[in-house]
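By convention in this document, chain letters (A, B, ...) are assigned in the order of the sequence lines, proteins followed by strands, and residues within each chain are numbered from 1.
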Amino acid sequence: MGGNVDEDGRPQWDNKAQFLLTCIGFAVGLGNVWRFPYQLQSNGGGAFLIPYLIMLVFEGFPLLYLELSVGQWLRQGSVGAWKKLSPYLVGVGVCSMFVSLLVGMFYNTIIAWCIWYMCNSFQEPLPWNRCPVDTASNNTAYVQECQESSNTEYFWYRETLNISPSIAEPGFIQPHLLASLILAWLIVALCVIKGIASSGKVVYFTATFPYVVLFCFLVRGLTLKGSGAGLQYLFSPDTSLLSDPQIWLTAATQIFFSLSLAFGGMIAFSSYNARDSDVELDTFIVCITNSATSLLASVVIFAVLGFKATVDYEECANQNIQIILNEFDLPEQNITIDTYEQYLTDNNFVLANGTLTLDDLSIPECSVTKNLDEGASGTGLAFIVFADAILEMPGSPFWAILFFLMLLTLGLDSMFGNIEGVLTPLNDLGLTKRFRNEFVVIGIILVSFIVSLTFVIQSGNYWLDVFNEWAGSLPLLIIAFFELIAVGWIYRYDNFDRELSKLLPPRNNIFRKAAFYFWWATIPVISPLLLLAVFIYYLYDSASRPLRYMAWQPEGYNISLPYPDFALAIIVIITLSCTIWIPLGAVYQLIRTKMCPTNTKSAVSDAWAKPMEGNTNQAYDNNGKPPNGATEQNDGYYQNVDPFSDKEIPYIDQDSQEF
Amino acid sequence: MMRGLFYVFLGSFLYSAHALTCNDEELKVTVKVTDPSLFDEYEQYLFKGTLAYAIRKFCSLPEKPTDCNAGSVDMTDTVNVHILQTSNRFAMCIAVNDSTLTLMEDSFRYSRDRFDGGLELNEDTLVVNGVDPTLKPDSEPAFPIWLIPFIVITCLVVLAAVAILGYTVYQTKRTPKHIDEASLADSDEFGVDSNVYVDDNDMGAARTAL
């Protein structure tokens, strides 16, 4: 199954659509569905869109443009690309690689959970429909853990995760989760086994299917009763929050993580592009699609949550009605749902602390808004709250299958980016020269699989949160900051722009000209400052938050526990194993420069701080002949140098400025 | 106006009536009807008869509870069942001669479905204090249902893997015709490669080709 290859033997996309769908699929992930809606609602509703869009423009666009153009221009993955810009920056690429590896390990576990839930959705009624009966009580009561919490929480914490009471108690591997995990890794392996030749075809489905499902849910959700309440709750703006700088930083953080930047995946994908592909247009398409998807998902999620809140309100009101009817000996239907509120006001029920009292009768308060206030994000939203909402919809198995299949495809194409973020740099480093690519892929997946076994033991969910918190956040901010500095100041943006203007279409209309000045303003100045602010805020937020986690107890509730020492040690190792490479790479290059001065005059390191004069990217402008030094193995411009060999490169004139 | 009057009437009624409370030895039965007149004297008579039947039936069981020995409980008739107070809910307090509360509850629990069927009610509409609604035990399926789609998906994935593997092997066997002799000596199907760039059908690992 050979894909397209260009004249250097590097794979190419079959068509532009594959590239765009892959990037969109990588950027649009689970966070668009279960993180953004919660952020939107809890940070001022409709008003949050203002900082969000501003941050998209000043942080999202420049960073994505940077990654796509670096990859497309230098035609290398993250390690090779940063090394070409400056050999001292090789650590940035290695850091990206490690982050991709660590994130890929736990991300696939979430896909395994989706597979498990999806397989369980092929039955009516759904298994999380009700609590299991406690046979020890002669079938008169439900299992206590389920009674205390709820049927969906019980199904998630007990029947799916079988979670242990703390991270210090590892428990056993859960066989059903192990089976789902193996299947998840098999699917990922199958899709990336041929690199972009195979994953490029799978994304036709995985990147488009979520939109089909979102539209189905949109139509279904908007026609459910109570959806309007949910949407109103979501979008009602609280403009007073805009003066709080935390909201702006939250918006910046959200945009940054939403676009899957700094993983090296975007660089890898665009490195398989044709040299003259329109990077600016690609950037705009991916960014706008990503944000539009987030908004669409928010509408869907909150329409359904509004429906669920209304259903819960009616259930609560019905219970209260029964209590009142019993207390006052009134016949059935004397009070109905429609007359409930009127009845409460007519009879002077007093509301205090969430309970209504009249004489010696007290009943809990029922309120749609209060139900919506118990918002959730992350796995809690998908596997507890939303699963609960699906139970109330007619035809629930169908909607459940659709929903979890959507989560599956959302996660799958993000996994492609993670794997690609490891694979391409490994190839660029030359470490895998001797092996067939399929074996490298299988090797990466085997290693990831073995580590991800940690997440299917009983305390696995706690470890997953640790990885998610510490591997998938802070290192990314650091990498992105160095990326901006590398292009803006180390390589210098004027050189970068000169190189890129040879690739891009001519700047002859107002949009191109505006974009030109825009990149000039943002990449060297505005975006690094923004990113620095986000980084400091994130660091401060992480440091001020106590190192505790929520642990589910078998009695049916969460308690907050501190992380034990060995968990703290793992946290430190995870954070360091990514970020340590940046200084290490610079130090290594420094030592190499000092120790072996002759080798520093390789073609690549001379690029540092010097424009590549006389270098064009049109391959054959040297009077129609290939440039000096070109062989059939490379075109004389960008040689694929093995960074760890000390061999003199025989076919390049060392003193020539031509590359 | 009529609605307002109705609510005033209701309000005044509220403060005068509170929940029906029965004595310790009386069984409280609530029948949730929209119109209290629906559960009239004939329905009450049917209830009395069914309760008498239930007590006799329960006491005829081989493992007779000791309560059945009191008086002539095992020969309870409708005249022995007394409906003492009723309320608008519709709720009533029941007492049976020589019969304890526990015996009444147990008998009712044992013959629950006969009450439901005879009175055309169900567990929601006929509520007896002390008798909790029985929960249907989960029927554990012999084979966990989730495994079925799981196995289907696994088979599909394995088939796809075999297909790709087979296609790869087929391609590799086919391409020796296309490579020139120089690289044929060097290239090895599965491992050490040559640095020669061959056409895209060859799966020998050129360094950056996939």
Side-chain angles (χ1 to χ4, degrees), chain A residues 1-5 8-11 76 115-116 118-123 127 132-133 135 138-142 176 179-180 183 186-187 189-190 193-198 322 325-334 346-347 423 427-428 430 432-440 632-633 640, chain B residues 7 10-11 13-15 17-20 30-36 87-91 125 127 132-138 141 144-150 153-154 157-158 160-161 164-165 167-168 171 189-193 195 197-210:
Chain A
M1 198 189 290
N4 280 341
V5 280
D8 294 328
R10 198 172 179 78
Q76 293 265 288
I115 292 178
W116 160 255
M118 189 178 77
C119 289
N120 269 299
S121 305
F122 281 90
Q123 41 185 304
V133 174
T135 45
N138 270 343
N139 292 347
T140 53
Y142 295 118
H176 57 280
S180 305
L183 182 59
L186 266 180
I187 296 178
L190 206 61
I193 193 83
K194 299 271 183 225
I196 63 167
S198 54
Q322 286 295 308
L325 291 177
N326 279 337
E327 179 70 12
F328 295 121
D329 270 324
L330 303 167
E332 199 73 3
Q333 305 257 316
N334 207 314
D346 282 344
N347 291 289
L423 190 62
N427 282 335
D428 298 338
T432 57
K433 234 190 326 182
R434 274 178 291 127
F435 305 108
R436 242 180 112 103
N437 236 69
E438 283 87 342
F439 292 149
V440 178
E632 71 276 359
Q633 286 179 336
N640 296 321
Chain B
Y7 278 124
L10 197 62
F13 189 68
L14 268 182
Y15 286 107
H18 263 274
L20 185 67
T30 312
V31 181
K32 297 184 184 174
V33 283
T34 52
D35 183 359
S87 77
N88 254 356
R89 181 74 179 86
F90 182 87
T125 42
V127 176
D132 297 324
T134 50
L135 309 165
K136 276 199 293 287
D138 307 320
I145 300 186
W146 70 272
L147 267 183
I148 301 172
F150 183 83
I153 299 175
T154 313
V157 168
V158 168
I164 291 182
L165 187 68
Y167 189 69
T168 313
Q171 284 284 18
E189 204 175 84
F190 286 111
V192 180
D193 77 315
N195 270 327
Y197 292 93
V198 294
D199 75 53
D200 57 347
N201 281 325
D202 183 359
M203 281 298 126
R207 197 152 42 85
T208 52
L210 282 167

Taken to the nearest 0.5 Å, the spacing of Gln322(A) CD from Thr30(B) OG1 works out to 10.0 Å
Counting heavy-atom pairs under 4.5 angstrom with chain A, the leader among Pro144(B), Ala91(B), Ser87(B), Pro149(B) is Pro149(B)
Turns out that what part of Val33(B) lies under 4.5 Å from chain A's heavy atoms comes down to backbone
CG of Leu147(B) to CG of Asn120(A), rounded to nearest 0.5 Å, is 9.5 Å
So SG of Cys119(A) and CD1 of Ile145(B): to nearest 0.5 Å the spacing works out to 12.5 Å
Distance col, row Arg89(B):CZ vs Asn334(A):CG, nearest 0.5 angstrom, shows 9.0 Å
Under 4.5 Å to a heavy atom of chain B? For Leu183(A) that would be side chain
Under 4.5 Å to a heavy atom of chain B? For Ala189(A) that would be neither
Here the gap from Lys194(A) atom NZ to Ile164(B) atom CD1, rounded to the nearest 0.5 Å, amounts to 7.0 Å
Okay, Ser180(A) and chain B: the region with an atom under 4.5 Å from a heavy atom over there is both
Nearest heavy-atom approach of His176(A) to Trp146(B) is CB-CZ2, 3.6 Å
Applying a strict 4.5 Å limit to non-hydrogen atoms, the region of Phe150(B) in contact with chain A is both
query: Any side-chain heavy atom of Ile153(B) sitting closer than 4.5 Å to one from Met118(A)?
result: yes
